[in-house]
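What follows is one structure encoded as structure tokens, with my remarks underneath.
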Amino acid sequence: MSYLERVLENLKKNNPNEPEFHQAATEILTTLAPVVEKHPEYEAVALLERFVEPERVVMFRVPWVDDKGNVRVNKGYRVQFNSAIGPYKGGLRFHPSVNLSIIKFLGLEQILKNSLTGLPIGGGKGGSDFDPKGKSDREIMAFCQSFMTELYRHIGADTDVPAGDIGVGAREIGYLFGQYKRIRNEHVGVLTGRGLSYGGSLVRTEATGYGLIYITQEAMKARGDSFDGKTVIISGSGNVAIYACEKAQSLGAKVVAMYDSDGYVYDPSGIRLDVIKEIKEVKRGRISGYADKVHGSKYNEGCKGMWAIPCDVALPCATQNEIDGQSAALLVKHGVKYVAEGANMPSTLDAIEVFQKSGIVFLPAKAANAGGVATSALEMAQSSGRLFWSFEEVDKKLKDIMVNIYHNIDDAAREFGREGDYSAGANIVGFIKVAEAMMAHGVV
Ligand code: NDP
């Protein structure tokens with residue numbers, strides 16, 4: 001049994017009941033063989049065993065009072081996974097499905113994603129099984145304040161800088177920041193995704209979605225292709241999905257379908273993003289309302305059917321494991337040419353295999369959605385330098401970062417004999433930098 005196989009087997013044995021964590025670790029470790037073979041010294045210092053073990057896992061209770069006066073209790077998490085190349089950085093997710101396995105898979109992915117940006121940020125992730133859906137503003141605030149009343153002692157502008165993720169947007173970041181500032185009496189860049197009036201960066205809201213389109217555009221350019229005239233489907237209708245849609249449309253693509261967790265809308269004449277924004281960003285409503293407003297569109301219960309819609313480009317931007325092997329096969333059968341992951345781990349291992357065997361362009365999450373965290377790092381740079389860059393400046397930096405990521409993963413895939421395999425390319429490039437830093441730090 002190889003070193004990598006042993007590490008993976010022990011990980012599964014030592015972390016039972018964590019299927020998402022196993023899945024992410026399998027996807028990563030099975031592509032690192034060429035690097036590990038080149039560096040036998042890694043095994044002697046148990047580098048991989050340390051790489052897959054979080055530096056610190058914080059779990060805590062989050063008590064809060066709902067509008068009826070009932071005391072409610074949720075679970076809170078922060079996994080500080082790896083700080084070899086910089087302070088822990090990664091979002092907070094508020095969703096009822098959150099558990100340790102999900103936070104650990106996200107944290108492990110985040111280490112390599114952050115490394116790929118070329119910026120000095122380590123990997124972390126956190127969140128809660130709190131469900132923001134249907135809660136009043138006061139309940140959201142009460143929850144966020146209680147969450148931060150524990151989290152504040154573990155984070156800091158040079159230690160660990162959380163951001164948003166599913167269920168955590170501008171409103172939640174505002175309440176979390178307000179509580180941090182109150183407790184610590186410090187106005188520092190301890191969270192990213194902050195509002196523009198209190199230290200946020202332009203483009204952060206758009207960054208993940210825009211970045212996803214920039215990297216896909218670069219992959220297209222390398223093939224003499226472009227977004228112009230392409231038919232696109234996008235899962236989700238949250239932060240990442242909305243801004244991916246906006247940028248794709250601005251480049252001449254026609255987005256024909258989007259979804260939320262209840263069902264999808266199909267609009268053959270092209271999704272009207274103003275309507276989606278009104279429903280999802282302003283009213284916090286359901287996407288089903290789109291069909292009532294836009295003539296010629298159709299709402300369908302359930303999400304899976306969306307992957308059967310013929311398209312050139314598929315952008316999964318909702319959640320993990322939303323595309324299984326069967327859905328991947330349908331996409332390929334109906335002519336998809338590019339799949340770029342806006343969400344984290346949206347494709348199952350079976351789906352990835354289908355995409356790779358079919359020869360389509362598959363851009364994995366840790367490269368394709370790195371624009372969000374990259375712009376968070378730009379927000380950190382502006383905070384510590386007391387600077388405020390223009391929209392154009394930040395957007396240009398974001399685009400340059402995404403273009404670089406594409407070429408770095410493309411080059412690495414070629415160098416290691418896996419041409420066109422961007423999963424391997426991304427894992428290898430991300431890992432090499434982290435491994436070098438870990439070697440330099442000794443056994444810590
Ligand atoms: P949001 O909360 O803004 O939006 C999430 C969207 O996905 C909503 O439309 C939601 O529907 C849908 N969704 C959530 N769970 C499911 C499910 N089980 N089935 C179907 N649809 C679902 O989150 P973000 O847009 O911020 O995040 C989306 C993805 O992108 C996540 O995987 C996240 O980790 C990843 N990501 C986000 C970054 C960021 O900067 N925000 C950065 C990098 C990655 P509903 O409204 O019904 O809940």
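In each ligand, atom 1 is the first atom listed, and ligand 1 is the first ligand listed. Because only heavy atoms are used, hydrogens play no part in the values below, and waters and symmetry mates are left out as well, while side chains stay in.
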Please confirm whether [X] comes under 4.0 Å of ligand 1, counting heavy atoms of the residue only.
{"X": "C317", "value": "yes"}
{"X": "R204", "value": "yes"}
{"X": "R93", "value": "yes"}

Should you measure from each heavy atom of [X], which atoms of ligand 1 turn up under 4.0 Å away?
{"X": "A343", "result": "29 (C), 30 (O), 32 (O), 35 (C)"}
{"X": "K280", "result": "46 (O)"}
{"X": "R286", "result": "45 (P), 46 (O), 47 (O)"}

Checklist entry - Does a salt bridge link K396 with D400, judged by any charged N lying under 4.0 Å from a carboxylate O? => result yes

[X] (side chain) donor-acceptor with [Y] (main chain) under 3.5 angstrom:
{"X": "K12", "Y": "L8", "result": "no"}
{"X": "S146", "Y": "F143", "result": "no"}
{"X": "E109", "Y": "A24", "result": "no"}
{"X": "S83", "Y": "G122", "result": "no"}

Test your reading of the structure: does [X] have an N or O sitting under 3.5 Å from an N or O of ligand 1?
{"X": "Q320", "value": "no"}
{"X": "V240", "value": "yes"}
{"X": "S237", "value": "yes"}
{"X": "K113", "value": "no"}
{"X": "G167", "value": "yes"}

Checklist outcome for this item: Shortest non-hydrogen pair, A84 vs E55, comes out as N-OE2, 4.2 Å

Checklist entry - What is the minimum heavy-atom distance between S226 and M220, and which atoms define it? => result C-SD, 3.5 Å

If you have a sec, work out which protein heavy atom is nearest [atom] and how many Å separate them, to one decimal?
{"atom": "atom 34 (O) of ligand 1", "result": "D165 OD1, 2.6 Å"}
{"atom": "atom 27 (O) of ligand 1", "result": "I166 CG1, 3.7 Å"}
{"atom": "atom 48 (O) of ligand 1", "result": "K133 NZ, 3.0 Å"}
{"atom": "atom 3 (O) of ligand 1", "result": "N239 N, 2.9 Å"}
{"atom": "atom 20 (C) of ligand 1", "result": "S261 CA, 3.5 Å"}
{"atom": "atom 16 (C) of ligand 1", "result": "T319 CG2, 3.7 Å"}
{"atom": "atom 42 (C) of ligand 1", "result": "T208 OG1, 3.3 Å"}
{"atom": "atom 29 (C) of ligand 1", "result": "A318 O, 3.2 Å"}

Item to check | Check against side-chain hydrogen bond (donor to acceptor under 3.5 Å, both in side chains), S423 and K366 | outcome: CA-CA 9 Å; S423 303; K366 64 177 75 64; over 6 Å; no

When the ring centroid of [X] is compared with that of [Y], is the distance short of 6.0 Å?
{"X": "Y259", "Y": "Y264", "result": "no"}
{"X": "F431", "Y": "F51", "result": "yes"}
{"X": "Y198", "Y": "F177", "result": "yes"}
{"X": "F130", "Y": "W64", "result": "yes"}

Next on the checklist: As a check for students: among A241, G169, G342, G90, identify the option with a heavy atom nearest to atom 36 (N) of ligand 1.
Outcome noted: G342

Next on the checklist: Could you work out, for atom 1 (P) of ligand 1, the closest of G238, S97, G127 by heavy-atom distance?
Outcome noted: G238

Checklist entry - Of Q382, E379, K89, which is the lone residue that meets side-chain hydrogen bond (donor to acceptor under 3.5 Å, both in side chains) with T192? => result K89

